[in-house]
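Only a predicted model underlies this, so the values are computations on that prediction, with no experimental measurement involved. The sequence lines fix the lettering, A, B, ..., with proteins before strands; numbering per chain opens at 1.
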2 protein chains.
Amino acid sequence: MTALNSPLALKLGAFVALSNDEMSALDRLHARRKLFPPGRDMVHQGQVNQSAYILASGWVCSYKLLSGGARQIVDFQIPGDFLGLRSVLFRTADHNIEPVTKVEASEVLAIDLLDTFSRTPRLATAVLWAASRDEAMVVEHLVGIGRRDAKERTAHFLLELGSRLKLVGLGSAQGYACPLSQYMLADALGLSAVHVNRVLRELREDGLVTFQNGHVVIHDIDRLMVLADFDKSYLDHDGPLLK
Amino acid sequence: MTALNSPLALKLGAFVALSNDEMSALDRLHARRKLFPPGRDMVHQGQVNQSAYILASGWVCSYKLLSGGARQIVDFQIPGDFLGLRSVLFRTADHNIEPVTKVEASEVLAIDLLDTFSRTPRLATAVLWAASRDEAMVVEHLVGIGRRDAKERTAHFLLELGSRLKLVGLGSAQGYACPLSQYMLADALGLSAVHVNRVLRELREDGLVTFQNGHVVIHDIDRLMVLADFDKSYLDHDGPLLK
DNA sequence: CGACTGCTTGAGCCAGTTCAACCACTGTGG
DNA sequence: CCACAGTGGTTGAACTGGCTCAAGCAGTCG
């Protein structure tokens, strides 16, 4: 895969028109490919001096565990996303990262990243944009768990995922492939798996979305967006620092 | 007030030993003092080209509103905290900011901030540290709302606030002044005000904390920390980029 | 074939909500 | 100086969204 159609390039390209130089700088970041099997944590809480990764293919999730054994998934990462950017800047990781599927990721050393940023500052801005978008997603997630009921929350989640996947060429307004189990959905949405199941059924019976067999099919995006109170502006901030 | 005992200096100083140069650079950021009365929003969603502020005194809260009228408070900011750092980097604000009390804050223009960072890079690192701490707090907040019950969540919240206030010289292990109403607590914790009231009573009757008349008194911090499953490590990351 | 993982459905229960009332304070205008 | 309105806190009673427990089913893998 060349930089041109890599998920990361697609994502950043939605924000900055990338020059050839910038493209090849991105390419160079993809030098150290690594593979991770699903299930075994890539990073866990308290681990020190972790590298960052750029996800090339597959899905991962970041989560925290409570002493009682409960798990809260903070976010899923999909191709084109950075993982553990914060764990590089700070010595220790404050959450766990687990591959949901087989994962292909490029390791990025702190030095290389900083080096790339100083040579191609527009890339730095673009990556900062991506990081801020991630932060905005966490905030929106918080709002959803705090103040939306299970149905709205689930609908919102599925719409957000769709929107993110579309940006990296992995989905359309009609639907997308989704390797998550209902258990993972539950841990992300702050619900029980049983209840997620019922909510998904309702959404299906209402003719809004179908979540089945690893595929999300969106039947009526307009009604779904109304139900979820979905305003995608938090996903595509304008880029101000860029002239 | 000189930089030496300003809340921001105290906070950053916990992370980096600040030189005289760095101190006076901080001082210069405090040039444009402004006052804000409680109640009227300082920033609201969608607003463009906002400045950042450093909170000198008073409390503010950042929140989002849903179409149904529900409100979710994402975070409170206390003296020494930055407000709207993200809104500077990005053209539009994605949340509202409202003063909880009378507020004194220093406006910081994007240029001045970037300028300060390039002259005193250790300050840049320190501010980055603070920003990352804020992000970690939002994540912890998300986890709490998703997976802690009302009592644990409330206890955790009060402990976190105490820990933050202590860092800027506004509280101790015994307690602190707190201008929040039970309604605000409710909007932050994702609960109803009525239930917050009952939970606070329970915590009081258990001899753990008292939240009354604008004061939080911590009676038994050890039991409180156990109840809340409070691990303060997310509040004080080490600083790796600093030699 | 059995074991395991993920999905589905029912039944009963409980944490937290909503509605409604009442109290204590504080500030404000006549 | 009192009346009155507004804000914040407190408590009870009834209701409900989502949970837990329990069972059964389908597909997949060794």
Side-chain angles (χ1 to χ4, degrees), chain A residues 37-40 59 61 66 68-73 98-102 144-155 157 177-205 209-217 227, chain B residues 37-40 59 61 66 68-73 98-102 144-155 157 177-205 209-217 227:
Chain A
R40 180 145 44 262
W59 293 36
C61 71
L66 298 189
R71 171 167 97 148
Q72 177 64 49
I73 292 178
E98 178 190 315
V100 170
T101 63
K102 191 159 64 106
I145 294 191
R147 290 298 183 208
R148 275 189 254 262
D149 70 23
K151 207 167 168 182
E152 297 165 356
R153 204 186 302 170
T154 307
F157 175 83
C178 173
L180 305 176
S181 71
Q182 296 184 355
Y183 292 84
M184 289 186 222
L185 265 191
D187 281 344
L189 296 172
L191 298 170
S192 69
V194 173
H195 200 59
V196 165
N197 182 284
R198 294 193 229 273
V199 167
L200 289 174
R201 170 158 49 110
E202 281 184 62
L203 290 172
R204 195 184 329 127
E205 286 171 357
V209 230
T210 302
F211 179 102
Q212 255 168 354
N213 310 315
H215 287 272
V216 173
V217 180
L227 168 66
Chain B
R40 180 145 44 262
W59 293 36
C61 71
L66 297 190
R71 172 167 94 147
Q72 177 64 48
I73 293 179
E98 178 190 315
V100 170
T101 62
K102 191 159 63 102
I145 294 191
R147 291 297 183 208
R148 275 189 254 262
D149 71 24
K151 207 166 169 182
E152 298 164 356
R153 206 186 300 171
T154 307
F157 175 82
C178 173
L180 305 177
S181 70
Q182 295 184 356
Y183 291 83
M184 289 187 224
L185 267 192
D187 282 344
L189 297 173
L191 298 170
S192 69
V194 173
H195 199 58
V196 166
N197 182 285
R198 295 192 228 273
V199 168
L200 289 175
R201 170 159 48 111
E202 281 185 63
L203 289 172
R204 194 185 330 127
E205 287 171 356
V209 229
T210 302
F211 179 103
Q212 255 169 355
N213 310 315
H215 287 274
V216 173
V217 181
L227 167 65

**Study point:** Derivation of the side-chain contact (heavy atoms from CB on, under 4.5 Å) call for B:Thr210 and B:His215
**Key:** CA-CA 8 Å; B:Thr210 302; B:His215 287 274; over 6 Å; no
Check your understanding: Could one point to a donor on the side chain of B:Arg198 or the base of D:dG9 with an acceptor on the other under 3.5 Å away?
Key -> no
Review point. Can you check whether A:Arg147's main-chain N or O pairs, donor with acceptor, with B:Arg71's side chain at less than 3.5 Å?
Key: no
Point to revise | Of A:Leu180 and B:Leu191, the one whose closest DNA chain C nucleotide lies more 5' | key: A:Leu180
Check your understanding: For A:Ser192, which contact category applies under a 4.0 Å heavy-atom criterion: base, sugar-phosphate, or nothing?
Key -> base
Exercise for review: Could you tell me the separation between the OH atom of B:Tyr183 and the P atom of C:dT17, rounded to a whole number of Å?
Suggested key: 14 Å
Check your understanding: Roughly how many Å is it from NE2 in A:His215 to C1' in C:dG6, rounded to a whole number?
Key -> 16 Å
Practice item. Provide, to the nearest angstrom, the distance between the CD atom belonging to B:Glu205 and the P atom belonging to D:dT10. Key: 11 Å
Practice item. For A:Gly190, report the nucleic acid contact type (base, sugar-phosphate, nothing); a contact means any heavy atom under 4.0 Å. Key: sugar-phosphate
Check your understanding: Closest to the B:Gln182 side chain: C:dC7, C:dT17, D:dT10?
Key -> D:dT10
Check your understanding: What's the closest nucleotide to the B:Asp149 side chain, out of D:dG9, D:dG18, C:dG16?
Key -> C:dG16
Point to revise | Test side-chain contact (heavy atoms from CB on, under 4.5 Å) applied to A:Val100 and A:Leu180, step by step | key: CA-CA 7 Å; A:Val100 170; A:Leu180 305 176; 3.9 Å; yes
Review point. Looking only at side-chain N and O atoms, does A:Asn197 come under 4.0 Å of OP1 or OP2 in C:dC7?
Key: no
Practice item. Whole angstrom is fine here: how far is it from CD1 in A:Ile145 over to P in D:dG18? Key: 12 Å
Check your understanding: Just wondering, do B:Glu152 and B:Leu227 contact through their side chains at under 4.5 Å, heavy atoms?
Key -> yes
**Study point:** A:Lys151 NZ - D:dG17 P separation (whole Å)
**Key:** 11 Å
Exercise for review: Say whether, by atom type as modelled, one donor and one acceptor occur between the side chain of B:Glu202 and the main chain of B:Lys151 under 3.5 angstrom.
Suggested key: no
Point to revise | Of the listed nucleotides C:dT9, C:dC7, D:dT10, the one nearest the side chain of A:Val194 | key: C:dT9
Review point. Rounded to the Å, how far apart are B:Leu189 CG and C:dA15 P?
Key: 18 Å
Practice item. Select one nucleotide: of C:dT8, D:dT11, C:dT17, the one nearest the side-chain heavy atoms of B:His195. Key: C:dT17
Review point. Atom CD of A:Gln212 to atom C1' of D:dC25: distance rounded to whole Å?
Key: 15 Å
Check your understanding: Rounded to the nearest Å, what distance is computed from the CG atom of residue A:Asp187 to the C1' atom of nucleotide C:dG6?
Key -> 14 Å
